[in-house]
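Ligands are counted one by one from 1 in listed order, and the atoms in each one are counted from 1 as well. Basis for what follows: all heavy atoms, side chains included, without hydrogens, waters or symmetry-related copies.
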Amino acid sequence: MPEGATLRSTKPAGDVTELDALVIGAGFAGLYQLLCLRDRLGMKVRVVEAGDGVGGTWYWNRYPGARCDSESHSYSYYFSKELLEEWEWSERYPQHPEIVRYLNFVADKFELKRDIQFGTRVTAARYDAEANKWNVETATGDRFRVTYLITAVGCLSTTNTPKFPGLDSFKGDWYHTGQWPHDGVDLTGKRVGQIGTGSTGIQAAPVIAAQAKHLTIFQRTANYSVPANNHPLSAEFKKEVRDNHEEIRKVIQSTPNGHPFRISERNVFDVGDEERAEIYEEFWKVGGLRFRASFQDIVSNKEANDTAAEFIKNKIRSVVKDPKTAALLTDIDHPYSTKRPPIDTGYFETFNRDNVDLVDVKSAPIKAITPKGVLLENGEEYELDIIVCATGFDAMTGPLLNIDIQGRDGLALRDVWAAGPQTYLGLQVAGFPNMFTITGPGSPSVLCNMPVAIEQHVEWITDCVSDLREKGIATIETTTESMEKWITHVNEAANATLMPFAKHTWYFGANVPGKPRVFMPYAGGMTRYRLICKNVAENGYEGFKLSDAEDGSALPFLPAGDFTLAATVPGPGV
Ligand code: NAP
């Protein structure tokens, strides 16, 4: 059980709570789904949440330096004009506490907490075909019987701690960034070792280095990072945002990655070397994920990507004073943006501090954790007081597979996904009627600014449930053929980018030993995806089987349409 959770039951054992819908998780997705089903459709709904507060991923990820990589004015719900007018962000990239404050503000404004059961972890969900109900169980013995089961469990909420031999023998303390103690950790005077240099490690290192006596960063794969250029938001900017919500909404809902900026239509080789260098320099100064917007083809053309990669490597070399450290940091084995591109505040500068060392654990991997610290295969041992595992997540599938979900005839989700996740639109799995997976595998989710992806999913599911209820439809359930068609398209979309060049990423599940290697998110772009989902619904839920509420008979089935890239304009993807 993650640290900080106090599981509690609200029901005597044996009692079953009957509901129209149960939502699992009280992060961005669960909160909005509750609001939509309860207040728009008038349904009896409950959210069940393992944490003791709202926030989902943000409830747990409170490591030093945790902040959002999406710009605050776009990392917001856009469904309520009033909410947009009432909330004001303080920084370009908000820190963890401000995001949690925002989600609490939303939950309080819409009186959501009264329908959220905190400190309760869902352990099992089983479909009863005869009753057309989902029976849901929790770790604390609660039982629910519901018509619709909606998972809002997040994509990055199950932590991944490598099975280092001897971890339990460590005499100091160790923490995973995704389960950081809620009271914080005092790093003053401590020798800290940080394993991992992904987005999290890159955010955490400068803050840890500023507090700790010494920081050793264990790097397996060197990573690109672009300065966030974070700053407090000016009164002018806040006013501009307030005056232009509608315009911002149009941008975030019509760009492939849901961010509040458009990607240039210019290609890298449309301009000469000198002009290109100036353009990169200009976007570097703007900073953050906007760097990727400098040219259209950075993520689809390897030669084009090489120019961006070299520009970033030169920047790293210009910052890091020790040539050996700079060489390790620039020995990057994948094209820029094929792993989720981190953004930072003083990451590379951190290596110029006297109290920071970089250790290469690619050439000499971590062999074990000893009582004293970290031992490498080459025999080197690093004595530490605290180990920070910034080692990522069992992404996208982990949170769902941690629940024993069984559909028709006891069909286990774990079995259906044994060779990798299969979904239709990332929204449903064949054999699991009336179950919806918000930002599930096969949807843009992590390749999009998350709240934008979430709002689209929640609204699609809400409209769908509303339709089912109005039209007297008992079940909606996708088919194996629809999933196969969708997966073919998901792979096609990934192959149109450079992402397959980085096969060792969590996008492929490659960070968790034994996890099937399948590209999980949809890289065809949020714009295209939004249109596909809209068309599917408007065409009578193509690719979904529907059954009549009166007698359970099957309604006419419309097979899934053509999802080839050519047939699904507009593009491009990420
Ligand atoms: P991650 O990208 O999976 O990075 C994990 C790091 O741990 C990698 O450097 C990995 O090395 C290293 N690692 C794992 N096992 C190891 C081992 N046995 N030995 C040595 N090193 C090991 O995880 P993350 O940094 O937590 O980020 C995950 C995702 O969360 C991001 O991609 C992003 O989508 C999201 N995130 C978002 C924000 C934000 O917006 N605020 C902030 C942080 C994270 P390898 O690369 O060699 O595997």
When the ring planes of Y102 and W89 are compared, do they come out parallel, tilted or perpendicular, using 30° and 60° as the limits?
->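 Tilted: the ring planes of Y102 and W89 meet at 30° to 60°.
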
Could you tell me whether K367 and E381 have a side-chain N and a carboxylate O separated by less than 4.0 Å?
->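 Looking at K367 and E381, the cut-off is not met.
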
Before accepting this row, confirm whether a basic side-chain N of the pair K190/D173 lies closer than 4.0 Å to the acidic partner's carboxylate O.
->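 Judged by the 4.0 Å cut-off on N to carboxylate O distance, K190 and D173 do not form a salt bridge.
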
Within the distance-only criterion (no hydrogens, no angle test), does the side chain of D331 pair as donor or acceptor with the backbone N or O of A327 below 3.5 angstrom?
->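 Not confirmed, D331 side chain does not pair with A327 backbone.
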
What about F519 and F508, are their ring centers closer than 6.0 Å?
->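 Yes: the rings meet the under 6.0 Å criterion.
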
State, yes or no, whether a side-chain contact exists between S90 and E98 at a heavy-atom distance under 4.5 Å.
->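 A side-chain contact exists here, since the closest heavy-atom pair is under 4.5 Å.
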
Could you pull out every protein residue that has a heavy atom closer than 4.0 Å to ligand 1, ordered by chain and then number?
->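 Answer by chain and number: W58, Y63, R67, C68, D69, L156, P162, F164, I195, G196, T197, G198, S199, T200, Q203, R220, T221, K339, R340, V361, A390, T391, G392, F393, W506.
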
